[in-house]
Trainee: 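My questions all concern the structure below.
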Amino acid sequence: MRLSQFLGRTLRSNPSEAETDNHKLMLRTGMIQQLAAGVYSYAPLAIRSLTKIANIIREEMNAAGGQEVKLPTLQPRELWQQSGRDATFGPDLIRLQDRRGREMVLAPTHEEAVTLLVKQHLQSYRDLPMLVYQIQTKFRDEVRPRGGLVRVREFDMKDGYSFHADDESLDETYQRMVQAYHNIFQRCGIPAIQIEADSGAIGGKDSHEFIMPSEIGEDTFIHCPKCGYAANAERAAFTRPAAPSEAELPMEDVHTPGQKTIQDLVDNLGVTPAQTLKVVIYMADGEMVFATVRGDLDVNDIKLKRALGCIDLRLATDEEVAAAGISAGSASAVGMTGIKIVADESINIGTNFVAGANKADYHILNVNTPRDLKPDLIADIAMAEGGHACLNCGTAFEAARGIEVGHVFKLGTFFSEALEATFQDPEGQQQPAIMGCYGIGVGRLLAAAVEQNRDEKGMCLPASVAPFHVYLAGLNMDKEEVAAAADSIYEELLDAGVEVLYDDRTDSAGVKFNDADLLGFPVRVVVSPRNLKEGKAEIKLRIESEANVVALENAASYVTTLLTT
RNA sequence: CGGGGAGUAGCGCAGCCUGGUAGCGCGCUACGUUUGGGACGUAGAGGUCCCGGGUUCGAAUCCCGGCUCCCCGACCA
């Protein structure tokens, strides 16, 4: 491709809309253009990389026994009502009507559709296992898209689904997918690590995320530097910090005017946060729930949702709290009746806690469990943080941020039951298929690859995902001998099957070098009057500072060698 | 959804407070001179100043309403 004809122009300054480096680079190179919040057009430069990433994914999926399919984006809403997810997805699901007034959705994921497709061909356990995948556009009306391609509302995703007759078969495929994912990230230049994750409300037992550690990541994960345990903070198990254990004293009200937060109590009563109990008020499927944790910990929504087994969980509004006659700031699970109380394990570690008194401006001293507080449910509902102790080995956790580049999880039979995808087992009984599902965001993978592979001058993507292999620049293209020599190398590289972008513009050397660095293809070839006098061309790797000078007739083969080693 | 910020030429921005013919840099076009790390000169092209109302002789500028985009938060008893 000749740059003079190429759709796309580099920018000399960063567009003001970008914050993160990958976003800035993708805008400056002209890879992408924003059309609306979280909605992007992809220029040829981006498509070339995205296609390479998609093909790497295809190769690994096929090698793992996957079969490619394509499921519709436009789907009847009825199907989503049948699975129950029309309700659970909420406003993230884009709903619309067709011309006949039929309710439709733009699919945010494809479990329903794939289950129907496989169901049609599934009769016997002999048909299993089955592994299918697709690379298809998803629509999710995210609350807040951000960071360029990191979180968008319309995006391509590889989603794979497996169907099994038993758990052993699911485990086997799951492990094969995990390995395939490691291969994919490694081939794309992404140092992803595997962490334990929450499998969501529909949940089977296992779920893992693949995270590329990065400051700009949206996910916080916890890892143990000693035993290697790593998990999403939403999921991580941990040992609750110790708290003073003393003789239990009788409960006693204390006047605490204007003291509403844990910090207020710490400042005024001379206690530590671990000597207090806090309550957070939620609405779970429309029912009010008190979630209680020790004051030094925070409630983890995801864990709470899992413990309750509810579909919709949100904080109660101020109005709802007031309507229930609860005194905000002094609310407490102690002595509260008629409201479901869920407590974290931490309330049993420590004694003589300070808790709200359920009347304005009062708290209670010396609350002890289980003497004074008998929750309906005790579970792990506290958020793990850096510094907390690893449940396995007791070492202090480290917390870090990262970009989630892949997610695998065991679905179980939620969809096969809802949509009646059953098979006949050897005993002649009908059984719902056991499912697994496996996702990778293609555009997010590119964003992560750019974020990881860059320097102050621009991108340095590996050849496997770089838009082109070679940036061929002719300096002083108005000189006939330069144009002729550069044309000639261009043709040779094309003949050799090398992906080359030929900078045949008449711009100055500085412009071309800067664009070459910005675009960051692995190899740069320069034809100039200076080297031409010696009958040579200059060949340089993006990641190295020194260039080699090679005879013109050997240039193409030299490049080919560089790219294959 | 709450809180901040911003919409003026392809990109980056100034102008607004204090209303009076819409500017600068980069990029773009033409010609000439340059020629290995974002060259120089000359001459040009390019704008519904986010949208709609209002005030005014006159609005990018003041007032009212709306839209869009970016960032932070979504953790609180």
Side-chain angles (χ1 to χ4, degrees), chain A residues 8-20 23-24 27-28 30 33-39 90-91 142-148 151 216 218 220 233-234 256 258-265 276-282 290-293 295 297-304 314-318 320-322 324 326-334 336 354-358 360-363 381-383 385 457-458 473-479 482 505-518 524 526-533 537-538 540 545 547 549:
Chain A
R9 171 184 298 283
T10 58
L11 299 175
R12 296 195 179 187
S13 51
N14 284 316
S16 56
E17 70 200 63
E19 284 295 309
T20 60
H23 191 194
K24 287 177 185 168
L27 289 170
R28 274 192 64 191
Q33 181 194 45
Q34 185 177 41
L35 195 61
V39 180
E142 298 278 353
V143 195
R144 183 153 99 82
R146 70 180 92 188
R151 179 165 297 276
I216 65 157
E218 294 186 284
T220 301
E234 296 168 344
T256 51
Q259 298 172 30
K260 291 177 180 300
T261 65
I262 295 298
Q263 190 57 47
D264 291 338
L265 298 178
T276 68
L277 296 179
K278 76 163 89 164
V279 63
V280 185
I281 306 171
Y282 285 90
F290 271 28
T292 295
V293 298
L297 300 170
D298 286 314
V299 176
N300 176 336
D301 293 7
I302 305 288
K303 285 183 178 178
L304 177 61
R314 58 175 176 79
L315 289 173
T317 63
D318 292 344
E320 284 165 337
V321 171
I326 293 161
S327 168
S330 300
S332 168
V334 181
M336 180 59 63
V354 178
N358 286 320
D361 295 334
Y362 278 92
H363 282 76
I381 60 166
M383 178 72 88
E385 286 171 12
K457 290 181 172 175
L475 305 187
N476 311 117
M477 283 296 287
D478 52 336
K479 288 192 162 53
V482 171
R505 300 173 301 177
T506 53
D507 291 69
S508 70
V511 171
K512 296 192 173 198
F513 287 139
N514 279 294
D515 275 346
D517 289 338
L518 178 65
R524 186 186 80 187
V526 174
V527 176
S528 69
R530 195 167 79 185
N531 287 316
L532 210 51
K533 280 189 295 190
E538 177 193 285
K540 176 186 165 301
S545 53
V549 181

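Here is the naming used below: chain letters follow the sequence lines, and residue numbers restart at 1 for every chain.
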Trainee: Have a look at A/Gly147 and say if it touches a base, only the backbone sugar-phosphate, or nothing, with a 4.0 Å heavy-atom cut-off.
Mentor: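 Sugar-phosphate, no base atom in range.
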
Trainee: How many Å lie between CG on A/Asn476 and P on B/G36, as a whole number?
Mentor: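 So the CG-P distance, A/Asn476 to B/G36, works out to 6 Å.
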
Trainee: If you compare all heavy atoms of A/Pro15 against all heavy atoms of A/Arg28, which two are closest, and at what distance to 0.1 Å?
Mentor: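 In terms of heavy atoms, the two residues are closest at CD-CG, 4.1 Å.
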
Trainee: Rounding to an integer number of Å, can you tell me how far A/Lys533 NZ sits from B/G36 P?
Mentor: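 Checked: the NZ to P distance equals 10 Å.
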
Trainee: Go ahead and name the base partner of B/G25; Watson-Crick or wobble counts if both distances stay under 3.5 Å, otherwise write none.
Mentor: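 Pair assignment: B/G25 / B/C11.
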
Trainee: Phosphate oxygens OP1/OP2 of B/C11: is one of them under 4.0 Å from a side-chain N or O of A/Arg12?
Mentor: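 It does not, given that no N or O in the side chain of A/Arg12 lies less than 4.0 Å from OP1 or OP2 of B/C11.
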
Trainee: Using the P atom on both, measure B/C11 against B/G54 and round to a whole Å.
Mentor: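 My reading of the P atoms in B/C11 and B/G54 gives 31 Å.
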
Trainee: Paired with B/G41 by Watson-Crick or G-U wobble geometry, both distances under 3.5 Å: which nucleotide is it?
Mentor: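 Base-paired to B/C31.
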
Trainee: Taking the C1' atom of each, how far is B/A39 from B/C26, in whole Å?
Mentor: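 It comes out at 14 Å once rounded to the nearest Å.
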
Trainee: Check A/Arg505 against A/Asp515 and note the closest heavy-atom contact, atom names and distance.
Mentor: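 The pair with the smallest heavy-atom distance is NH2-OD2, 3.0 Å.
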
Trainee: Specify the closest pair of heavy atoms between A/Pro145 and A/Gly38, including all atoms of both residues, with the distance to one decimal.
Mentor: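 Closest approach of A/Pro145 to A/Gly38, heavy atoms only: CB-CA, 3.6 Å.
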
Trainee: Take A/Leu27 and A/Asn14 through the test side-chain contact (heavy atoms from CB on, under 4.5 Å) and record every step on the way to the result.
Mentor: CA-CA 8 Å; A/Leu27 289 170; A/Asn14 284 316; over 6 Å; no

Trainee: Kindly point out which of B/G37, B/G12, B/C69 is positioned nearest to the side chain of A/Arg524?
Mentor: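 Closest nucleotide among those given: B/G37.
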
Trainee: Using atom P of each nucleotide, how far apart are B/G3 and B/A74 to the nearest Å?
Mentor: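 Here B/G3 and B/A74 have their P atoms 16 Å from each other.
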
Trainee: Give me the distance, rounded to whole Å, that separates B/C69 from B/C63 when you measure between the C1' atoms they each carry.
Mentor: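 24 Å, rounded to whole Å.
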
Trainee: So how far is it from A/Asp507 CG to A/Met477 CE, rounded to the nearest 0.5 Å?
Mentor: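 Nearest 0.5 Å value for the CG-CE distance: 11.0 Å.
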
Trainee: Counting Watson-Crick and G-U wobble pairs only, both distances under 3.5 Å, name the nucleotide matched with B/A77, or none.
Mentor: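 Pairing partner: none.
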
Trainee: Give me the distance, rounded to whole Å, that separates B/A60 from B/G52 when you measure between the P atoms they each carry.
Mentor: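 It works out to 12 Å between them.
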
Trainee: Going by purine N1 to pyrimidine N3 plus the second Watson-Crick contact, or the G-U wobble pair, all under 3.5 Å, which nucleotide sits opposite B/C62?
Mentor: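 Check on B/C62: paired to B/G54, both distances under 3.5 Å.
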
Trainee: Of all heavy-atom pairs between A/Leu475 and A/Val482, which one has the smallest distance, and what is that distance?
Mentor: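 Looking at all heavy atoms of both residues, the shortest contact is O-CG1, 3.1 Å.
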
Trainee: Apply the test side-chain contact (heavy atoms from CB on, under 4.5 Å) to residues A/Val526 and A/Lys540: give CA-CA distance (whole Å), side-chain angles for both, the deciding distance (0.1 Å), then the verdict.
Mentor: CA-CA 8 Å; A/Val526 174; A/Lys540 176 186 165 301; over 6 Å; no

Trainee: Say we look at B/G10 and B/A45: how far apart would their P atoms be, to the nearest angstrom?
Mentor: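 About 16 Å, rounded to a whole number of Å.
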
Trainee: Between A/Arg524 and A/Ala516, what is the shortest heavy-atom contact and its length?
Mentor: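 Of all heavy-atom pairs spanning A/Arg524 and A/Ala516, the closest is CD-CB, 3.7 Å.
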
Trainee: Let me confirm one number: the CZ-CD distance from A/Arg530 to A/Glu538, rounded to the nearest 0.5 Å.
Mentor: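 Separation between the atoms: 7.0 Å.
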
Trainee: Which residue, A/Phe513 or A/His23, contacts RNA chain B at a nucleotide closer to its 5' end, judged by nearest heavy atom?
Mentor: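 Between the two, 5'-proximity favours A/Phe513.
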
Trainee: Heavy atoms only, 4.0 Å cut-off, all strands: where does A/Gln34 land among base, sugar-phosphate and nothing?
Mentor: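 Answer is sugar-phosphate: A/Gln34 comes under 4.0 Å of backbone atoms only.
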
Trainee: Using Watson-Crick or G-U wobble geometry with both distances under 3.5 Å, which nucleotide pairs with B/C49?
Mentor: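 Paired with B/C49, as far as the under-3.5 Å criterion goes, is no nucleotide at all.
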
Trainee: Within this structure, what is the CZ-to-C1' distance between A/Arg151 and B/C70, rounded to whole angstrom?
Mentor: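 My rounded result for the distance is 16 Å.
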
Trainee: What does nucleotides 72-77 of chain B look like as a protein-contact string, B for base, S for sugar-phosphate only, - for none, at under 4.0 angstrom between heavy atoms?
Mentor: B-BBBB

Trainee: Roughly how many Å apart are B/G7 and B/A14, using the P atom of each and rounding to a whole number?
Mentor: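 Their P atoms lie roughly 7 Å apart.
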
Trainee: A/Gln263: which residues meet the side chain to side chain contact (heavy atoms under 4.5 Å, CB included) condition with it, sequence neighbours left out?
Mentor: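 Listed in chain order: A/Thr261, A/Val266, A/Asp267.
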
Trainee: Taking 4.0 Å as the cut-off, does a side-chain nitrogen or oxygen of A/Ser508 come that near to OP1 or OP2 on B/A39?
Mentor: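 Yes, A/Ser508 has a side-chain N/O under 4.0 Å of OP1/OP2 on B/A39.
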
Trainee: Can you tell me the distance, in whole Å, between the CG atom of A/Asn514 and the P atom of B/C26?
Mentor: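 Going from A/Asn514 (CG) to B/C26 (P), I get 16 Å.
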
Trainee: Between B/G36 and B/U48, how far is it from one C1' atom to the other, in whole Å?
Mentor: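 Looking at atom C1' only, B/G36 and B/U48 are 46 Å apart.
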
Trainee: Expressed in angstrom and rounded to an integer, what is the separation of A/Asp515 atom CG from B/C11 atom C1'?
Mentor: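 My rounded result for the distance is 14 Å.
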
Trainee: Which residue lies toward the 5' end of RNA chain B, A/Asp517 or A/Ser16, if each is placed at its nearest nucleotide?
Mentor: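 That would be A/Ser16.
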
Trainee: Classify the side chain of A/Asp507 versus the base of B/G38 as yes if they form a donor-acceptor pair under 3.5 Å and no if they do not.
Mentor: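 A donor-acceptor contact between them is absent.
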
Trainee: Which nucleotide, if any, forms a Watson-Crick or G-U wobble pair with B/C17, using both distances under 3.5 Å?
Mentor: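 Here B/C17 is not engaged in any pair, so there is no nucleotide opposite it.
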
Trainee: B/C70 P sits how many Å from A/Asn14 CG, rounded?
Mentor: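 Rounded to the whole Å, the gap is 16 Å.
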
Trainee: Please evaluate the base of B/G38 for a donor-acceptor partner in the side chain of A/Arg28 within a cut-off of under 3.5 Å?
Mentor: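 It does, because a donor-acceptor pair links the side chain of A/Arg28 to the base of B/G38 below 3.5 Å.
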
Trainee: Between C1' on B/A9 and CG on A/Leu11, what's the gap in Å once rounded to a whole number?
Mentor: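 My rounded result for the distance is 14 Å.
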
Trainee: In whole Å, I'd like the distance from the CD atom of A/Glu17 to the C1' atom of B/U68.
Mentor: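 Rounding to the nearest Å, CD of A/Glu17 and C1' of B/U68 are 12 Å apart.
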
Trainee: Look through every strand shown and name the nucleotide pairing with B/U68 as Watson-Crick or G-U wobble, where both distances are under 3.5 Å.
Mentor: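 Answer to the pairing question: B/A6, which forms a Watson-Crick or G-U pair with B/U68.
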
